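Read the structure below first, then the notes.
Sequential numbering from 1 along the given sequence is applied to the chain's residues. Read the numbers this way: they start at 1 and go in the same order the structure lists the ligands and their atoms. Remember, predicted model here, so these are calculated numbers, not experimental data.
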Amino acid sequence: MTATTSDIEKAADVLRSGGLVALPTETVYGLGANAEDPAAVGRIFRAKGRPPTHPLIVHLAAAEQLDDWVEDVPATARLLAEHFWPGPLTLVLRRGRRVPLEATGGLETVAVRVPDHPVALALLEAFGGGVTAPSANRFGSVSPTTADHVRAELGDAVDFVLDGGPCEVGVESTIVDATGGTAAILRPGGVTREDLEAVLGRPPAVPSASPVRVPGQHPSHYAPRARVVLVEPEKVAAEAELAQELGHRVGVLLPPSPAGTTVGAHAVVPLPDSPAAYARGLYGYLRRLDEQGCDLIIASLPAEEGLGLAIANRLRRAAGPRPAAQ
Ligand code: AMP
Ligand code: MG
């Protein structure tokens, strides 16, 4: 059920009284608090089990509010905000005085964005201030793309859940460091590298391109309970069948293939052709395979262009090494 006007007013009151509200955005659901209330911001970290040094994103109702929250907005940042807000682009800029260090993990920079979702925008307008929100999941696990995912992940740790239906984009925002007057992609996401290049007139820097290719360098994040193993697209079916024979309960993210391809596995998700549909569905597929009791997920990386770059980034992180305790 989509949030009503009275739900939005109630949620704004929860924020004013220092509570936590889960809110739909076009990327994933966020776990929001009043950005200017350090105690409320602290509750986000406890609810998620997130290390306090891991900074959050401050969500605003409109690009016109940017100067209230950050210092020194370079022309490049203004250009990107103008083109992509509301939308799945987060800009990292110098922290304004309104932003407590709790929200930035102690950094002198702050991440800001205007989300493109009618419920999120209605809440931000009703509340009036900034809402700091990371994804509404336990730290390290798969981001929620429906209100039910949020309830399953966080239960009573969230005071109010606004339902805005399934998220349209399905992967998190693109994070761009715009502090130096240039633009560097810190995390690929809903706005593609190609979209950024078209507006900037030059390719944005991608400082993380080589480290993410080194196996074992990226600790697990965006991860389902099942172990994720990445193989070449043409080997997905054979590897899945082998693992199934070895006694695993195998889940498969099956790349588009000739009609009639069958895979001997516990559960198979046939992937859509379009990268946008794949991004929208990705986290739901991983959750579904967990629910179906899979202990191993076999997948492959899509072509790393357009939204494929963000999908590949999340799959690599999902396949990354897990902390010993997990
Ligand atoms: P989440 O969407 O849950 O992953 O949380 C927000 C993301 O924004 C995290 O991955 C942070 O690393 C990133 N972020 C927030 N603030 C900053 C910042 N000042 N500099 C770099 N990254 C940031
Ligand atoms: Mg997250």
Side-chain angles (χ1 to χ4, degrees), residues 20 22-33 35 41 44-60 66 69-73 77 87-96 98-115 117 120 130-145 149-150 153-154 157-158 167 169-180 182-191 204-208 211-212 218-224 279 282-283 286-287 310 313-314 316-318 320:
L20 301 186
L23 65 149
T25 79
E26 80 282 29
T27 59
V28 302
Y29 274 71
L31 181 63
V41 174
I44 293 179
F45 289 92
R46 284 197 297 284
K48 282 187 60 107
R50 178 171 171 126
T53 48
H54 213 86
L56 310 178
I57 296 171
V58 176
H59 293 75
L60 305 176
L66 186 57
W69 296 87
V70 306
E71 302 283 337
D72 301 338
V73 181
L89 179 74
T90 296
L91 296 174
V92 172
L93 291 160
R94 280 189 53 204
R95 183 178 69 95
R98 274 175 94 159
V99 183
L101 284 168
E102 282 78 0
T104 69
L107 297 173
E108 286 303 332
T109 53
V110 61
V112 284
R113 103 173 170 101
V114 178
H117 192 291
V131 171
T132 189
S135 52
N137 53 281
R138 303 274 311 160
F139 182 65
S141 87
V142 174
S143 300
T145 50
H149 295 165
V150 176
E153 282 270 337
L154 296 175
V158 48
C167 300
V169 175
V171 293
E172 295 80 354
S173 59
T174 303
I175 302 182
V176 166
D177 180 351
T179 45
T182 54
I185 296 180
L186 300 179
R187 170 178 78 182
V191 167
V206 187
S208 59
V212 292
H218 35 88
S220 168
H221 209 97
Y222 312 106
L282 175 64
Y283 291 141
L286 296 176
R287 275 176 198 277
N313 170 274
R314 304 309 187 269
R316 281 205 184 86
R317 304 277 305 260

For the aromatic rings, using the six-membered ring if either is Trp, is the centroid distance between His221 and Phe139 under 6.0 Å? yes
Write out the residue and atom name of the closest protein heavy atom to atom 4 (O) of ligand 1, then the distance separating them to 0.1 Å. Arg187 NH1, 3.0 Å
salt_bridge(Arg46, Glu102) N-O dist < 4.0 Å: no
Is ligand 1 under 4.0 Å from a heavy atom in the side chain of Leu107, in the backbone, in both, or in neither? side chain
Measuring only between side-chain heavy atoms, which start at C-beta, is Leu89 closer than 4.5 Å to Val176? yes
Between Glu153 and Arg287, does at least one N-O distance fall below 4.0 Å, as a salt bridge requires? yes
Using a heavy-atom cut-off of under 4.0 Å, does the side chain or the backbone of Leu186 touch ligand 1, or both, or neither? side chain
Please determine whether Ser143 has a backbone or side-chain N, O or S atom lying under 2.8 Å from the Mg ion (ligand 2). no
Pair His149 and Tyr283, ring centroids less than 6.0 Å apart: no
Any atoms of ligand 1 less than 4.0 Å from a non-hydrogen atom of Ile175? List them with their elements. 7 (C), 8 (O), 13 (C)
Heavy-atom side-chain contact between Ile175 and Asp177 under 4.5 Å: no
Examine ligand 1 and decide if any of its atoms is less than 4.0 Å from a heavy atom belonging to Arg50. yes
What atoms in ligand 1 come closer than 4.0 Å to a heavy atom of Ile57? 6 (C), 8 (O)
Between Arg113 and Thr25, do the side chains contain a donor N or O and an acceptor N or O under 3.5 Å apart? yes
Can you report which non-hydrogen protein atom sits closest to atom 19 (N) of ligand 1, along with the distance? Thr109 OG1, 2.9 Å
State the atoms of ligand 1, each with its element, that fall below the 4.0 Å cut-off from a heavy-atom position in Ala111. 15 (C), 16 (N), 17 (C)
Starting from atom 23 (C) of ligand 1, what is the nearest protein heavy atom, named by residue and atom, and what distance separates them? Pro55 CG, 3.6 Å
N/O separation below 3.5 Å, Tyr222 to ligand 1: no
Only heavy atoms of Val92, strictly under 4.0 Å: list the atoms of ligand 1 that pass. 18 (C), 19 (N), 20 (N), 21 (C)
